[in-house]
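Reading through the structure tokens given below for one structure.
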Amino acid sequence: MILNKLWRCSVCGYVHEGDQAPDKCPKCGAPKEKFIEIYEDDAKKIYNSDRTNDIHMKIINLADEMIELCKEGIEIDLDPGCVSTFEKAKDEGWVIKQRCKAELETHMKKGKW
Ligand SMILES: [Zn+2]
């Protein structure tokens, strides 16, 4: 994996990727001089947590889709076996979703974003 340089806005924490700091922070409008380069180890951590957080968010979306499918299956109500299978999967989808959300929250508190 090729890592680009990363720069953090010292005013708001926005992370910019590129050879140079941006002229102006896209989040808070702070000038270029307010950006501090993030060095290799920390940059690696940021790239890794960026990917990990994306994976968590994709899993949350998949769990949401699963819950919606289960609701549809429950409504169709083909037979009790189907309904009970969908009800269980719906509850499991909820658990998967909430577990990922809780994990994302701990990442944010630790600045792994
Ligand atoms: Zn900023």
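Residue numbers count from 1 along this sequence. Order of appearance sets the numbers: ligands from 1, and atoms from 1 within every ligand.
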Which atom pairs, one a donor and one an acceptor, fall under 3.5 Å between side chains of residues 81-88 and the rest of the protein, sequence neighbours left out?
residue	atom	partner	partner atom	Å
Thr85	OG1	Gly81	O	2.8

* Hphob cluster co-occupancy, Leu69 + Trp94, side-chain heavy atoms under 4.5 angstrom -> no
* Structure fact -> Within the 2.8 Å cut-off the protein N, O or S neighbours of the Zn ion (ligand 1) are Cys9 SG, Cys12 SG, Cys25 SG, Cys28 SG
* Which is it for Lys109 and Glu105 under the salt bridge (charged side-chain N to carboxylate O under 4.0 Å, His left out) test, yes or no, and what are the steps along the way? -> CA-CA 6 Å; Lys109 282 181 190 150; Glu105 200 185 341; 3.5 Å; yes
* Ion pair check, Lys32 and Asp23, cut-off under 4.0 Å -> yes
* Between Arg99 and Glu103, is the closest basic N to carboxylate O distance under 4.0 Å? -> no
* Euclidean distance, Asp19 CG relative to His16 NE2, rounded to 0.5 Å -> 8.5 Å
